[in-house]
Structure formats: structure tokens, C-alpha cells
Amino acid sequence: MELLITLFVFVLYFGGFYLMMRRHVFEVLLGTLLLTHATSMLLIAMGGWKPEERPPILVPSAELPLSAYADPVPQALILTAIVIGFGVTAYLVVLIMRGNEEMNDMEMTERPREEDEA
Amino acid sequence: MLPFLLLLPFFGAALLMLLPRERLSPLIPAQATVMVTLGCLALLGVATFLPPSLELQEITGERFHHFHADWMPSIGLTFSLWLDGPALFFCWMVLGIGLLIFVYAGFYMDPADSPWRFFGTMMLFMGSMLGVVMSRNALLMFVFWELTSLTSFILIGHWHHKESARKGAMRALVVTGLGGLCLMAGIAGYFWILSTASAPGYVFDPSTALNWDSLWANRELLLNHPASVACLMLVLLGAFTKSAQFPFHFWLPGAMEAPTPVSAFLHAATMVKAGIYLLGRLYPIYWSWELWLILVGSAGVITMLVGGFMAMTSRDLKQLLAHSTVSQLGLLTAYYGFGFDRAGGDKPLPMDLLLVLSHAMFKGALFMIVGVIDHGAHTREWTRLGGLRKYMPVTTVLTIVACASMAGFPLTFGFVAKELFLKTALSLHASSPLLAYGLPAVAIIASLFTVAYSLRMAVSPFFGKPRDPSIHEHDIYSIEERGDAEDDAHDGSDGAASHAHAAGVHEGGPGLLIPPGILVLACLVAGFWSPFLGDLLSPLVNAPFYGTESGFTVAFFHHADKLLWTAVFLFGVGVLVFLAGKRIMESYERAGSPAIFRHAYEAIFDRAIPSLAAWTARTSQTPSLRRSIAVFFAAAFGIVVAAMGYSGFGLPGAIAIPAGLWMATLPIALTLPCLWVAATHRVLLVRVLAMAPIGFFVAMFFVFFRAPDLALTQILVEVVILIVLLMVLFRLPQRFEPRQLRFDPTAGAIALVGALVMAALTYSAMGSPWRHAPTLEGQPSVRDYYLGNAKYPAMTSEEAAAIGYPGASNMRSGGGTNVVNVTLVDFRGIDTFGEIIVLGISAIGVLCLLTVNRRRRSDNWRGGALDDVGHVSDIVNPETHRQLEMPYRAWPSPSLLLSEIGRLAPGFVLIFAAVLFFAGHNAPGGGFIAGLMVSVGLAMVLIAVSWTRSRHLERFDFVRLIGVGLLVALLTVVVPELFGLPFLTSGHWHFHLPLLGGGEFATAAIFDLGVFLLVVGATMLVVQKLGKE
Amino acid sequence: MKGYLYLLILVVGYVLVAGVTPMNALFAAVIAVAIIKAMPQFPGHEKLSLPGIASPARMGRIAANLAAFSWDFIVDLTMANLVIAWEVWTPRDRYRPRLVEVKVDDLSDFETAMLASRITLTPGTLSIDVTEDRQTLIVHAMYPGEDTEASLRRPIDLLRKGL
Amino acid sequence: MEYFTLPLQLAALAILGLSLVLVMYRVLHGPHILDRVMCIDGVALIVVCLIAVWNVRSGTTFFFDSILLLAIAGFVSTVAVCKYLERGDVIE
Amino acid sequence: MSLSDALSILCIALIFAGLFFVLTGTIGVLKFKDLYTRMHAISKGTTFGFMFVLIGCAGLMGTPMDMGKALLAILFQFLTAPIASHMVGRVAMKKGIRPISSPDDEAPGVPASTVIRAPGAE
Amino acid sequence: MTNLILTPILLPMAGAVACLFLRGSLGAQRTVAGAIATAMVPLALYLLSLVWRDGIQVVRASMWPGGYGIVFALDLLGAVMLCLAAVTFAASWWFVAAGAMPRAQEKALVHPLFLLLGAGVNWAFTTGDLFNLFVSFEIILLSSYVLLAHENGRGQTREGLKFMLLNMIASIFFLASAGLAYGMFGALNMADLAVRIAQAGQPAAATVLGTMLFLTFGAKAAVFPLFFWMPDAYPKAPRGIVAYFSGILTKVGVYCLYRMFPLMFPAAETFAGWFQPLILAVGAGTMLVGVLCALSQMTMKRILSFHIISQIGYMIFALGIFTKLGLAAGIFFIIHQIIVKASMFLVADAVEVNEGSQELSKVGGLVAVYPGLAVIFLFASLSLAGIPPLSGFYGKYALVVEGLVRGHTFYVVVSLVTSILTLMSMMKIWRYAFWRDRIRPANAPVHGNRGVIVATGALVAVSIVVAVFSGPIMRLSTATAEQMIDREQYVFAVLGDRGLAALRAAEEASKP
């Protein structure tokens, strides 16, 4: 699993980084989505993977050792990160829309003119 | 006493700044300034004549008034003042001349010409100058040193409407500021040398290390350190720039754009002497170095020569004086330069108090006189003036006497000083004959110029016929001549002068003549009584610094043999030079004045640096978003790769993949084409759709990693983001333009490196043995702690006591079996608290974006997604699909089926959300997931039935819901405080109800409720506002 | 009536998922009522407040008809999938698709919707849309025959009887 | 449970994997955007099945919520995209 | 062989039956020539397969709650799958994608037997 | 009062909630926000005195022991930053409340957003957990995005987008680094992490992790190659609030760097070999590039924005020196910089509010009309340029001395060159806007607003206070630096004696 998740992380990061560097803002937005995914994958990998693990939901009846459960810490972190990413993305999406509305420019190569500062 | 003396002018300045200037007479500033100066003089008098009752200075062996307060002893900055000899002398000089000039300025300046600012700044300057000379600590001196530069800047630019004034001020500031920085670096260098030096018996004390006396006492350390030459150079740069020494002399003439009192006070009498003063302080340390001679001596004589020549060739009397000041400052500098290996023995020269004093007197007077001439004749160009003696008799007399002093004519004070200088120059001995004879020779040539321009000053304006008769008429050509016709209200050379245009050429009033008159008189008196003056000043030269036998032995014709002949020679040839002066000037002007150093300055500061700056801004700063991001990535990855390379970051060996896991390669393999489509397709919507499976695959990986909560959240977030994206999408252009689709190899390469870096980090971190190792001494790892304490209390009372909350042990446990949820609401509840705030802010932000100042520009608005996407030929493949030739028209209403059955479905969603919410603590779910679920359900309702059938959702104030959610969460965070517990402490109880069975309740559930409400509010606010667009 | 059915489904759904305890049932009822009351567009919102209790006989008839409807449905569904499977797994393409109209002018909106769903899950047919006047259901049929329209209307009767 | 042996599991997963690949072809290739939309729903269902089988394989039941959610997700996204394509606005 | 064993085997059989239908649906999606016919495949095949797989898996795992969730999911799916396909078909019609009338129909005219009244055309 | 150190976080949050409920009334919002903004200053000062007197203050969220639950720990560094944030916040708030922006805009939730921003900043200064720091960063960033684009015109959306995207990248780096910190060392608590890094003895992993964190916080602090998001965005921020942006937000990044390196990566083999050259080089580049870019700008706020960057370079340089005196100089510099930079922006805003523009080509001759503003500007700008005896000098000088003593001569030279260029560009503003003949843009508002000048003056007065009490403040900085260097204090406060013992043992073991 280590190799696989590494591969997945690689693929997602590659796509994310590449899209972030494109000229069209919408591609950049997709890039941020991919980067969020990639980072989630990176974080989930940090908990390690063992074949016999169970989800970190305790089974009171079965006296299982703690090592039988998956690491809850990265999961909690990712949950927080996903939510934050969600909030940021929602805002970003609307910002892009507004930016396009105002500047009529999806590429963002020019600085807005200073006389806009009225 | 000393602090009062020092701070009095500052208080005065502050007072002038704070007084209500509208209501008070504009004469008050001048009067106040004079009063303050008098007050300072009084204090200084007391300090001078009251014997210092304080302790004996160990090093200097003399008794001074001194004052010490710690400021920042660790970096060598202490508030140490003293009134040793030179300080005392300079204080008297500053205050004395200051008093005269302030009186003069009171009459000179137009009361309408910002007198508050002017006198306030003048006072500030006076205080700073006092600070410079009174500081015992070199760094403290630097503090005031910079203040003088600054006040000078403001004063030069007093008439800021003139471009030349602004330029001159800027130039003065930059040059002196640069020098100031060098000085600071030099002082820092001293501190460095002293702090790292070691010598037998030497103890480094940062608080006193930079005192002048301690610098002198430790001069051996300073001289023998390898960096001492660099330090010397730096400090000298400071002094040279301040005193306008070659090659930094050019700023001083430019500074003459200032009002005349300023020129007289700052740029003739006092501020430019600060550099000389500094040389005087350093001289006892360095005098035995030949390097000192080379640097200081040659700078001095060259400045003398250049200044003298420039003065000769000036038309403007004020410029003439400015250049003469440069020249005289060169003389003062050269005086110190000549200290090396004097014939008289291994004794350093006495401090040049006589020279300084004499220069201050005659130059201050002359500047004021030029002001009077300007005032009376409306021009300062001697090529226009002439025969003024008829109109300005007093001025004529004063000028002649002052110029005599400047030229060093016998019987004047200037002669005494000049004699002292020539004596020193002619007795110079150096290792190289070039120095030993060259420097005095140059100095003597420069002195010729001195005679010549003194004559020019004294003769040309006053005798002969007016060279330009028009100046007697009532015109204002002088204004035009100086090229600032733009503003005649404030123009003229001086403010007051402009009022006098109508009066023709006239003598100045008594207020303008008495102050220079006093100075001129003093020149004469001091000349006659110079032996007495020498006796008076001698004790002020600190004996230990300058040798026990130091001091001035002043007499006329002290060394009658050589000096007399030299003087005669000087005057004889000087007159000849004067006679040839006009021709020299004209040919010089024809040749075009080279002004190399000013041009060099301009080339550097007005052209090179701005263009370098513009270049930097152009290259480093791009408006393009894409390039910003690319550079950002490239830099970041480059640094990380370098870090890996440096640290020998390695990867653990490959780990075999268990058989059943090979299927996990499938989502990875399928992600690649998804990425391909997401990166290359022409239609935005298709790219969005291509992202959706990636989200599912990520959720799959969460499943592989046993993270049910994450899978749930991921899926829900994916859906909500899709809905939001779709709501926005049709306000964007629907398709990419072909040039936007080109592959970008650079981006690809950077992304490849970045992805490799991240993957390598992931892989190596997964192999780390430290993650689940027990932390500290026998404490469980974080993971084990969370798992172990989520349901059952594991904390003993001792442990509870150990962390400061005895008695808390019984309460402590998460009280739930879903460890992730317990972590979210309990172990790391504060993270969740922050996260919901982020969500709330984001929703509010969307609200703001959509409502505040919304101006939609119609031409920018690209709507009409329907047709745009529908008829795109590359979507509807023309080979396989042709337009349906059926009269099938658009439906005006939404789908019947969707609204009939689609509205059943949300009920399931909502009820399932309730399940997830209540189950959350013990099974996958929780407030956040339930909240998203409810939002999805509500969004589904809206999609199915449109706003018309859900008015209450349309009108609902979700901001308030966000507020309620935040409030609930905040209360759960804060309430434990009331019980004296740390915030967010939760408790949980089992309860049993009849008939219904038992249950469990944790206060964390209330927190979860807050989360739930906020999530619903935030998500729905976004959906609502976007949907109503 | 529809409201109660919906309520029942919701409560059962909750209990099924959350565990069969009285506590959960109570919870579920409260939440389900709240949901239905809060969302006026949910079926039954208007009628939920009426205390109309059907007679046991009628309830029994409804249950029986529902069962019949369900059985019919399951059979049809299975058939549909087998047909698709046959079409997919045999090399020859047999389908001759057409668009077919089904008159639904005598049905209420909800019944139309139910029928359309039903049609989608029957062999070889897929409901595409209802015309604007709500008179006709447009159906895509893989194997249209003469009796397609009639056979498609068959579930309506079952439905009619059921509710 | 013990009858669901590893080969069977792998076979089940392989079938699902194959289905996933096939349906992904439509998602990625189209040709019409509606094909993609329709098949995304299919992807969601197949992923659901994958998760279900995986659950059985790893012996946990905590993923049934995800299953329900994925089904909901597939439906909502399909409807939303269709509505977008049809009317330009998702919520009107 | 106990009852539970039998049930297990039944469940496994259900799973594989479901998988068969899922695969059928997906192959159909690949094989059929136009959008509408593909919709047949996906809306029937995968939904049906999904039901079997879910019931099978829930049966194997055994807790009633899981079965409840599976049933809820299936119910939901049956409720929504027709709607989804209807939405797709509706948009397809609206976008003017014409259905083919036979598998080898590449560029046919309007199918003769089909009469579609345009709403509001009269 | 167990939770006193959390009041600076919770109080503004409560205020924000109240403002959300009082959405209809601007007056009520102002009352609430103003009361909180004002109360924060004494509160922060009290907390500073508390920390000064009693040592590091620790609160353990939900009572979980340090290393497991989230720990909030306020040491001197954090307390100093809290004070600065509170002062800047108050000044900035009063500027807004004096009517710097149109009423309708101000009513549109500016106050709650600003309060949340303040809460987030205070949070970042207080927390002791790496991931929690990330969360607080997100609060800060999202509220600053929203505030930045709030006015919805003047190209704010576009600049807001750039600001947001580049910060998002930094956030992603942060998230990845936090994850890696857990993955590599198994801890998120910063003290725990410090102990574990020391225990693990894996310089390679520590180096890479530290580099990632450096990039993250460097990006937030707008250091040289990573600063693109900032100079275009800040001039577009709402009037008044921009002072808080400029004063505090980038310094949060600097604060994190100051927190991170002494605590986690002081080990010689990682720091001296890699981090020090890196930090110094980045610092030098930041100083120079920032100031050079500033020189070529023609609007006040853009000039000032680039100066933020340039001055960040000094702080980074101070970190690179990494000695007690160097860090003390850096902290002094931060103290000075936050206040002065905020007041500079307020000056620019005051000009904009009164004259309708802050472009140098459009305004001129202000010294005659607004003498008070001119004095304020002069104090602030000279202080920024490091002219003694104003507050900018001391930090700079201490930096120069310590740089020379530690042999970083090249960087000292760079800092001096930067200094003169700073002076030049400050005087450029002075020359254009304050000197010259009076120019007034056509769209200048009819009625000036003197209230904003008063708010500006108050902040400048604080900077003068800093200059006057530079001695005590230098002592405070030195004490702070001592506490930073002596990481055992922090570890002990957070983890107790077991943590301390573990740290000591690890340090013993790592010594050859």
C-alpha cells in the first residue's frame, strides 16, 4: 500500500501542480481541488497502513488491542482539512465568477488599471 | 542639567508643533525660538561656570559635567552626555550663532511662510546639533547626527514648491544619509572589534564601549584589528559626507536652495562642522597612521582646491559662499590630516577650535549678508550687481570686514586661524615627498582662490557701476532667472524679499544687519584679542587626548619667517587671480562645467538605481497569475530539492504490495485519463465532470485506509462543490480558447519535480518508525492515547493532578467509540471550532461578494450556457449524432417527474442525516457530516422544485443560522470556564428513561450541534445566494 | 394519506439504520414530522395535520395491492435486465428503437411520475419526458411493437387500485 | 463468510474493476456530454459495489453509510448537471 | 451445512449475480450505439446489480442495521434512477440528439413510425 | 481565570457572533466591535505582564495533557505579538469607525469579519499545536480574503484571487508539512515535536521538514521568491483594515518562523549547515528585491507594500543570525515594524479618504493642508527608514552589530544598502505627496475626514512611545529571545518535567 498511495499522491500532485500553472483561472481552480485531494492522500498515508487494521471505531465487546485500529489522528486532521478546503473552495469559486464579471478576463495576466481606483 | 539643556529645544519644537497655530500670531515661533535659545544659553552658562561637582573621570583626568542613563547597554547605546572641552565649545558656538541667526530669521522670514514649521524645525535642528556635540557615546552621537541630516533635509526643502529645492534636499539627504549609514556601520564595527577583542586586563563592557574616552583608551585594540582600516574608512565616509568633502562636496551647493538663515546656520556654521567634530574626536586615535594623512589630508586639500575654484567661478553670491564653505571645510579637514608626524614631536595637534570658530563667524555673517543683499537688490548674482555701496553702506562695510577675515587678512580672526593652518601645513612631514610637499602646495594654491573669491565677494557687488542697470527697476526678473516663475507668491530668493520688490534697492533693516554685525565685530575683536582667545580655548582641548602640552599659543606673526612671506605671496597672487577671475569663470562656463561628481551622483541615484529598481520590479513582479504561481512553485521545489540533496534524504526500501491490493492500482490508473481530460478538454463542464470520478477514487482510498468518516465527508463535499461549481459555471465562458490549451512544458517539468518531491516525502514518512513510537518516557503515542481514552477514562487522578486539574480524572474520557469523532469534538475540538469558523467566514464572504457594491457590467457578462454547450460540434459528434429534425421545443417549466419524485428523495436524505448526527459519536457521522447531508437534501429540494415552491428557503436568513451555530459552539467552548475548567472540557452522562431505554449524552454533542447548524447555515447561504442570482 | 406513508417510510428508514429501539422510533417520529412540517413541498405536508384514519379493511386492500404492484414490478425489473443482458451478451443487435407516446391525460401528476419511473424499469423502455401539457409521456422503446403503448399503461391500473 | 474465499473476492473485485474501466471510458470519451453525466452516476454505483465487496473482504461494516451517500451523490450530481445543461441554472 | 452457511452461499451468489448485471450494464454502455440505448443499459443494469450486490454484502456481514442501510440505499436508488435517466433523456431531447432507429443506423432520416407532437405546436 | 490567555481569541469571536445578530444596525455593530477592539489592548498588555511575571502560561484544551490534546501556550514572544496585534487592531478599527469606508459597505459585515480576523491572529500567536496553527492560519487567510475583496471593485476581486491562490498553495504546503511532521515524528504539538525531533536524531528528515515549514511560513511572510501574492493585493484592501493587514498578517508568518526554528530545529547539524545559509540568503534577497521594487512604484500603498517585503527581509536576517542578540534585534524590529507599517498604511489611507487618491501623481502639497498628517507621516516614514532616534533604528543597529560580530558581513552590507534605498523611497512619497504644489484629484471628496487622521496619529504616537522606551523594549526583546533560545522553558511548560527530561536526554545523546 505504501507504494500505491505514493503513486496516487504523485499522480494527484502532478495534476494539481500542473493545472495550477495554467493560464486559465478555471484550470487553476481545478488544480486547487486536485491539490486538496492530493494532500488528503498524503495525510492519510501518514497514518500508515497495515493489512489487519480496523476503522478507528472501538468495538467495546471485542477486547481488541489498540494496534488493531487504524490511526485516527490523520483522519481527524484530514476531516478538518477537507472542511477547510471546502470553505475555501466555495469562496474561491464565487470569487472567480466575480472576477470574470468585473474584468472579463479568465487569464489574469494583466494588472487592473489604476484608474479603477475611483 | 545636561539632559535639560539638550531637551529644551526639542520641547520647544514640540510646543511649536502643538500650539494652535490658527489663533496665534505668526511672530510667536520666532520669538519662542529666541527664548528657547536664550534659555539654553543660560543653562549652558550655568554649566560652564558652575564647577562640576561630579566625580573625576578616570581616563581623561578632568572633571566634566556628565550624565548617564542606560538605554540599550547590550548594543552599546547609552544615553551618556558630557560637556568636555570640545563639547562645551561647540555648544557655545551652536547656541551663540544660533541666537543671532534666529533673531535675523525673525526679521527675514515672511510671517506667512509657514513660520511654525520653519522655526520648529530649526529648533529641532539646534537640539540635534547640541546632541551631536554633547554625546559621550559615539552611537548616541550618531542618533543626533542623523537627526541633523533630517532637519537639514526638511529645511532645505522649505520652499518645496521649487523643484530645485526638492532636488537639493533629496541630494543632501541621500548623500548624508549614505554617509550616516557608513558611520553607523563603522561604529558597529568598533563595537564588534571591542566586543571580540581580548587583551590582558581588558574587560569588555558594552555599555561604555562606545564612549569617546573608552574608544581612545582602547585605541590599541582598534588600531591592531584587521578590520580597523575598514572601520576607519566607514567612519570617515560619514564625516566626509557630512562635511561635504571631496568627492561628496556637491550636495552642499544644492543645499543652498534653503532660506538664507538655514544656509547660514546649518550649512555654514554648525551642521557641516559635525564631520569636522567627528574627525576631531577620531584624530587622537588615528593621528599616527599615515593612512589617516593620506585619506584625510588629501581629501581636505582637494576639497579646498575644488571648492575654491568653484567659488571663483560662481555667479551667484550664495553659490560662491557655498563653494567657499566647501573649500573652508576642506581646510578644516586638511588640518587634521596634517597631524601625522609633526615636526614638533610625537604629539597630536590640538583640536581646531580656532579655525572652526573663525569660520563659523565670518561665514555665518556672510550668508546673512547675502540674504540682506538679496533682500535689498532682488538678485544675488554679482555679474548683475555693482555699486551697491551707495545704497547699502552698512552692508558694504560688514561684507568687507567679513571677507577680510575669510581671506585671512591680518588683524582679523581669520588671519589667526589661517596662520594656524599654514603653520601646520608647512611643517608637515610624511614618508613620501609627494605627500609632504604636494599637500601643502595644493593647500596654498587653494588659498589663492580663497583670497580671490573673498575679494570677489567684497568688491564686485559694492563697487563700480551696476553691471545690469535693470536691477534698479521694479521688475522681478530675478524670479524668472531662477526658473521658477510658476509660483510668484512664495518666490523670490526669499519670502520676505518678495514683498520688497516695489521698493527698489535698499538697505536692510536693523534686524537684518545687527546679527551679522555682531559676528563681524566678533571677527575683529577676536582677531585683536586672539592670544586671549587662545588662552580661553586652550583648556577646552582635552589634555589626555591631545597630549599634555596641547593648546593654542596664539600670537600674530608667530613664525614670522616663512609664514609672513607665504601670506604676502597669497595676497599678491590672490589679487591677480581675482582680476583674472571673470575671464576664468567665463571660459569655464563656456567649457561647460564638468561637475563630475554631481553627475556621478545623478547617474547613480537618479538613473541607475531607478532603472535597476524598475528592472527588478519588472522581472520579479509579474501581474500574471500563472507566472507568479510558476515561480512560486519553482522556487519552493528548488529549495526543497536542495534541502534533500544537502541532507542526504533517502527513501526506505520498497515494500511489497499484498495480493488483494493490486486492485487499488485501478483507481490510480483511471485517475490518469481523468486528469488528462481535466487538463486538456475544451469545455469547462467536461473538465468538471472529469474531476468527479477522481473524488470518488479519493473516497475509495479513504475506504482502503479504513476511514469511514472521511469517505462520507469526501463524497458530500464533492457533491456540494459540484453544485456550487455548476451554479457559477454558466456565468463563465463555457469553453477554452485554443491557445489556452497548449501544453506548457515548463509547467509540466516543475509539476513533475514537485510531485516527485511530495511523493518522496510521503513514501519516506510512511516508513518512519517514530510515528507510533511511545512518546517521552513511557507515555503512549498520540494514536494510542486517542484510541485508549476515547471511550473509557484512562487518566488516573495522579495524572490529572500532574496537569493541574486534580479531581478531573473521573470526567475524562471522550465518551464515544468513534475515535475520529471524539478526536474532532474533544481531543482536537478546537481544530473543529476553527474549522467551522472558516466555513462561516467563507459563506459570509460569498454573501459579501454577491451583494456588496455589485455592479455588473453587461458587456462582461457571458451568460447563455445552454446554447453554448448544446450546439458545440465537438460534443455532439456530427458523425454519429445529427440534429434531430423534430419540432421539439424548449420546455418552459421544470421537469414534472423531477419535481414529483425528486421531492420524495430529500426526505430520505434528511432522515439519514439525523441518523448520522445522532450516531456520530459512536459510529461514522457527526455534526459536520450531518450538516452537509442536510444541505445536500435541501439543495436537492431546490433543484427539484425551484424557488417558487420553496419561498421559505428563499427567504430564510442563513446568516443568522451561522450566528446561532457559532454561538452554540462558542458556548460549549466557554461554559466550562464557569466551572473553572479549561475551555471545551466535556462531560458525558448515561441516562435511563422509562419505556424508551437508556442512552448516553455527552456535552460534546452540543458542540456537534453547533457544528451542524453552522455547516447547514454556511452551505445553504452559499446555495441560496448563488441560486438567487 | 401519502403523508402518512411518507412518514412511515421515514421512521422505518431511521429505525432500520439506527437500530430498532423505542427510543429511536420516538426520535425518528419527531424528526420526521419536523422534516415534513418544515418543508412544505414534501408530500403530505398539507394533509399531515388531518386525523384521517383509514379503516382496517381499506388498509388491508392497499397493502395487498401494493404487494401486487411490487411483485409485478420485480418481475418486470428482472425481465428488463435479462433482456438487456441478452442484448449485450449476444453479438447480434436486435433493437430497433423508437420514441413512443403514452397517453397519461387521465393521471394525476404523482401518478404520472410513478408510471414514468415504473416504465423506466420495465423491459426495453425508458421514459424520457412528459410533454408540457402533461397529456403524453414520451418513452424510448428498444423493441417497439404495436402493443407497446397499451402494455406500458398496465401498471397504471395496478397503481390506481392500490392508492 | 468463510465461503467468500480470496479467489472469489478477487474475482468479484476484478469484475467490478472491469466494469469501472468500461464505464470510465464513457465518462472520459463521451462522445456527448450527457454520456459522461450518465456514466458518472454509473461510476458512483460501481464504486459503491467495490466498497461493499471490499467491506466484506476486510470484515468491517462501517462503510455502508458511505454507500448510501455515494448513491445520493451520484443522483444529485446527475440531476444537477442535467438541470444545468437544460436550463443553465441549477436552482431557479 | 447450517442455515447460516446456506445464507452465506446465497449471498455470495447474489453478489455474483449483481456483478453480472453490473458488468452487463457497463458493457451495454460501451456497446450500444446511441445515448438513449446506453441509458437503458445503465439505468437498468447497474441499478439491478447494485441491489443484488448490496443485499448480498449486507447479508454476508450480518447486522440488521447494515441491512437497513442497504435497503435504504436500494430504495433510494429505485426512486432516483428513473429520475436521473429521465433527466438525461430530457436534456438529450432538448439538445436535439436524435435517437437512432436501428443498430446500424448511422445517418437516417426521421423514424417514420414515430410521431412526436410538439408541445404547444397546435 | 484558567482560560485567561484565550480571552483574546474568544472575546472577538463573541463579538463577531454578536455582530452577526446585530446585522441590521451599524451603530450596534460599532459599539460591540469598538468595545472589544479597545478592551483588547489592556487585556493584551495584562497578559504580557502576566507572562513576564509568571512565565509561560499554558491552557490545555479539554484538559488533555500536553502532547495529546491541543495546548495553548503563551510565552513572551506570543504575548508581545498579542500586544502588537491588539494595538494595531484598535488603531485600525478606530480608523474604520471614523468613517473611512462608505456606510453601506461597512454595514455589510465588515465588523464581524474583522473581529474574526483578529481572533484568528490572536489564535495563531497563542496556540502550541502545529495543526491548530494551520487552522488559525486558515481563519486568518479566509477572513483576509473576504475583507480584501469586500469592496468588490477597483480590481479587488482580481487581486484577491491572486492573493488567495498563492496563499492556498502555501496552506497546502503547510498542511502537507503538518502531516509529514506527524508521519515522520509522530507528534503535532510543537513542544512534543521538538522533543521527538531531538530524540529521533534524523537530521535529513528534520531538514526537509524544516524546509517545508520554512517555505510555508516564508510564503505567508512574503519572503523573496514567494512574495508575489502580497504587493498587488494589500493596496486593494479596505481602508483602515489594510493597516492590520500590513502590520500583522505577514508578521504572523514571521512569528511562526521565530517560533519554529529555535524550538524545533536548533540542532547544529541541521541549522548551521543548511537553514542558516538558506535563511540568510532569502533574507538578503527579500530586503533588496523588496526595496528595489518599492523604488519604482508610483502609488503610496504599493511603495509601502514592497517595503513590507523589504522589512520582512530584516526579520528573516535576524532569524538567520540565530543568536540571542540577533533574535532580540529581530523582535525589536518586529515590534517597531508592525506599528510603523500599520501607521504608514493608515497615512496612505487617510490621504485617500481625504483626497480621493493615494497615487503620487495625483496628490501633492499636503504639508500645507494637513500639517498634522505631514508630521505623522514624517515620524512614521523616518522610523521605517531606520533614522534614529525613531524606533526603526535600534533594531537595525542591533542587527548590524550582531551581524558583524557573527561574521555575516555581506548581509550587513545588504541591509545597509537597503536602508538607504528605503530612505530614498520614503522621501519620494514625501517629495511627491507632501511637498510640491497642491494637487487634488478631480474626484476628491468634498468633505475631508479628520477623524481618520487622529486614529493614524494615535498609532504613530505608539511608535514614538516605542522609540522613547526603546531601552525597556530592548530588554523585553532580549528576554523574549532568551526564552526562545532556551527551549527547555517552553517544553517544560507544555509537557511538564517528563518532557523536559526527555529533551535533555535526547540532547545529551546527540552530543558526541
Side-chain angles (χ1 to χ4, degrees), chain A residues 9 13 16-17 20-21 25 28-29 31-48 71 73-74 76-78 80-85 87-92 94-118, chain F residues 68 130-132 134-135 137-139 141-143 145-146 148-149 151-169 171-188 232 235-236 298-299 301-302 352 356-359 361-362 441-443:
Chain A
V9 165
Y13 266 119
F17 286 148
M20 287 293 285
M21 282 181 272
V25 190
V28 178
L29 170 69
T32 60
L33 289 177
L34 277 176
L35 285 186
T36 314
H37 287 334
T39 309
S40 300
M41 286 294 101
L42 186 150
L43 284 178
I44 195 82
M46 292 301 114
D71 191 345
V73 182
L77 302 189
I78 295 168
T80 308
I82 289 179
V83 178
I84 287 174
V88 174
T89 309
Y91 183 73
L92 182 64
V94 181
L95 192 62
I96 285 176
M97 180 194 97
R98 293 282 294 122
N100 183 50
E101 229 172 66
E102 287 211 347
M103 308 287 299
N104 194 13
D105 172 21
M106 292 296 281
E107 296 196 9
M108 309 282 168
T109 45
E110 296 302 314
R111 179 168 294 132
R113 285 162 303 164
E114 286 295 337
E115 62 257 28
D116 284 346
E117 301 202 349
Chain F
Y68 300 114
L130 194 58
F131 190 79
N132 202 249
F134 164 76
V135 174
F137 261 56
E138 290 301 311
I139 297 177
L141 288 174
L142 201 57
S143 46
Y145 305 146
V146 174
L148 183 68
E151 199 178 327
N152 260 333
R154 307 192 299 154
Q156 271 135 338
T157 39
R158 185 236 182 276
E159 296 303 351
L161 199 55
K162 189 166 165 186
F163 175 90
M164 188 164 173
L165 284 170
L166 287 166
N167 271 302
M168 272 178 83
I169 297 172
S171 293
I172 281 166
F173 269 72
F174 193 175
L175 192 55
S177 327
L180 288 172
Y182 181 77
M184 286 169 172
F185 299 105
L188 285 166
D232 287 336
K236 307 279 181 188
M298 277 307 283
T299 70
K301 288 196 204 166
R302 281 184 70 83
E352 201 180 3
S357 175
Q358 40 94 24
E359 284 179 49
S361 56
K362 290 187 181 166
N443 59 355

So what's closer than 4.5 Å to chain F heavy atoms on A/Leu92: side chain, backbone, both or neither?
-> both
Which portion of F/Tyr145 sits near chain A, non-hydrogen atoms under 4.5 angstrom | both
Separation of A/Tyr13 OH from F/Ile172 CD1 (nearest 0.5 Å) = 7.0 Å
Ranked by heavy-atom pairs below 4.5 Å to chain A, first place among F/Leu165, F/Ile169, F/Leu142 goes to F/Leu165
Which of the residues A/Leu77, A/Thr80, A/Val88 is involved in the greatest number of heavy-atom pairs with chain F at under 4.5 angstrom?
-> A/Leu77
Greatest number of non-hydrogen atom pairs under 4.5 angstrom with chain F, of A/Asp71, A/Thr36, A/Ile44, falls to A/Asp71
Just one of A/Leu29, A/Asn100, A/Val28, A/Leu95 clears the side chain to side chain contact (heavy atoms under 4.5 Å, CB included) bar with F/Leu161, so which one?
-> A/Leu95
Locate the shortest heavy-atom distance separating A/Thr32 from F/Met168; write the atom from each residue and the value.
-> CB-CE, 3.7 Å
Under a 4.5 Å heavy-atom cut-off, does chain F meet the side chain of A/Leu35, its backbone, both or neither?
-> both
Measure F/Leu188 against the heavy atoms of chain A and call it side chain, backbone, both or neither at under 4.5 Å.
-> side chain
List the atom of F/Phe131, the atom of A/Ala81, and the distance in Å for their closest heavy-atom pair.
-> CZ-N, 4.5 Å
